[in-house]
Amino acid sequence: MRGANAALGAAGLAAFLALGEAVPRLGLVKEAYFPPTSRIASALGDELADGAFWSALGDTLTGWAIGLAIAVGAGVVVGVLISIVPYLREATASTIEFLRPIPSVALIPLAVLLYGSELRSVLLLVVYASFWQVLIQTLYGVQDVDPVAEETARSYGLGTWARVRHVLWPTALPYVMTGVRLAAAVALILAITAELVIGAPGLGARIAVAQTSQAVPEMYALVVVAGLLGLLINVGARAVERRALVWHQSVRGEVAV
């Protein structure tokens, strides 16, 4: 089954690449705006041979990793505290619902005013966008705790942190892992967006330079790199999720299928 899915995926990718080669060659779009796949591949090879490309990739991954780590840690801690402290969830609900919908890109002027084009500007946007993904999932996970299990733990004299460890955390972990997977993708989007708009070092800034200098094949090559990076991050996040939840019914069912 997996082999068939992989074959279909490869066939779909090959068809897409062939279409990308044919459309500009046939004159359906101008090559100046959308180069053929072969030219993009050649530009990608040139980028891979350039040391500045790897430096930009490292800058992007640094902002992504640090921002994601801060967001995950803060989201889990805040989510658990809000859930276990009496009346705190009701007290913070309106504030969370007010702040959560604010687009992170709306904070770009604030980030520039505070930190200019430094890494801290990227981190501000990445952390803000990713934090809500983890926090909301953590709140949902804690809310899903079985009341009977909670009362049983209390009757056996388990303290607050013992209940968190043995009752709350196993129930909330699948939700938390979903939040981490979503946050990983959002963090990459915001890291590249911040670099693109603010000019912070990274793939986004390199894409902006290629666009302004009319290096269209190089621009598309860098966009392809960003897409591949997102794919790898998603695959890695799913692998971590399956490993962390190997005991959970959803993962056992997925493995069985």
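Atom-to-atom distance recorded for F34:CZ and L28:CG is 11.0 Å, nearest 0.5 angstrom. Between E90 atom CD and Y87 atom OH the span is 8.5 Å, to the nearest 0.5 Å. Here the OG1 atom belonging to T62 is positioned 9.0 Å from the CG atom belonging to L57, to the nearest 0.5 angstrom. Here the straight-line distance linking atom CG of L113 with atom CD1 of I108 works out to 12.0 Å at 0.5 Å rounding. Atom CG of L119 sits about 11.0 Å away from atom CG of L124, to the nearest 0.5 Å. Residue F131 holds its CZ atom at 12.0 Å from OG of S104, rounded to the nearest 0.5 Å.
The main-chain N or O of P103 is never found under 3.5 Å from a side-chain atom of Y128 such that the two would form a donor-acceptor pair. For the pair S155 (side chain) and T152 (backbone), a donor-acceptor distance under 3.5 Å is present. Using modelled atom types, one side-chain atom of T37 and one backbone atom of L17 make a donor-acceptor pair closer than 3.5 Å. Judged by distance alone, with hydrogens and angles left aside, the side-chain atoms of S83 form no donor-acceptor pair with the main-chain N or O of L139 at under 3.5 Å. Judged purely by atom type and a 3.5 angstrom limit, S121 uses its side chain to pair as donor or acceptor with the backbone of A111. Distance alone, capped at 3.5 Å, places no donor-acceptor pair between the Q133 side chain and the A183 backbone. Using a distance-only test at 3.5 Å, with no hydrogens or angles considered, no donor-acceptor pair links the side chain of S130 to the main chain of V127.
Note on L190 and L231: separate hydrophobic clusters, where clusters join Ile, Leu, Val, Met, Phe, Trp and Tyr whose side-chain heavy atoms are under 4.5 Å apart, directly or indirectly. Clustering ILVMFWY residues whenever any of their side-chain heavy atoms sit less than 4.5 angstrom apart, transitively, puts V223 in a cluster other than the one holding L232. Hydrophobic clustering, with ILVMFWY side chains joined whenever heavy atoms are under 4.5 angstrom apart, groups V224 together with L19. The cluster map of Ile, Leu, Val, Met, Phe, Trp and Tyr, joined by side-chain heavy atoms under 4.5 Å apart, puts V122 and I189 in the same cluster.
If you run side chain to side chain contact (heavy atoms under 4.5 Å, CB included) between L125 and each of V105, T193, I198, only I198 comes through.
In the displayed structure, R25 atom CZ is contacted under 6.0 Å by more than 12 heavy atoms of other residues, nucleotides or ligands.
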**Message:** Could you go through E21 and S38, starting from their C-alpha distance and side-chain angles, then the distance that decides it, and tell me whether this counts as side chain to side chain donor-acceptor pair (under 3.5 Å)?
**Reply:** CA-CA 7 Å; E21 180 73 23; S38 57; 3.2 Å; yes
**Message:** Walk me through whether R206 and D50 qualify under salt bridge (Lys or Arg N to Asp or Glu O under 4.0 Å).
**Reply:** CA-CA 12 Å; R206 199 166 173 85; D50 188 353; 2.9 Å; yes
**W64/I233 under side-chain contact (heavy atoms from CB on, under 4.5 Å): CA gap, chis, key distance, verdict** = CA-CA 10 Å; W64 168 80; I233 287 174; 3.7 Å; yes
**Residue pair V142, Y175: steps toward the side-chain contact (heavy atoms from CB on, under 4.5 Å) verdict** = CA-CA 9 Å; V142 175; Y175 291 87; over 6 Å; no
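Side-chain contact between V216 and E31 is absent, with no heavy-atom pair separated by less than 4.5 Å. For the pair F53/L48, a side-chain contact is recorded, criterion being any heavy-atom separation below 4.5 Å from C-beta on. No side-chain heavy atom of L123 sits less than 4.5 Å from a side-chain heavy atom of Y115. Counting heavy atoms from C-beta outward, I136 and I96 have side chains that approach closer than 4.5 Å.
Taking both residues in full, the closest heavy atoms of L88 and L81 are given as CD2-O, 3.8 Å, listed atom of the first, atom of the second, then distance.
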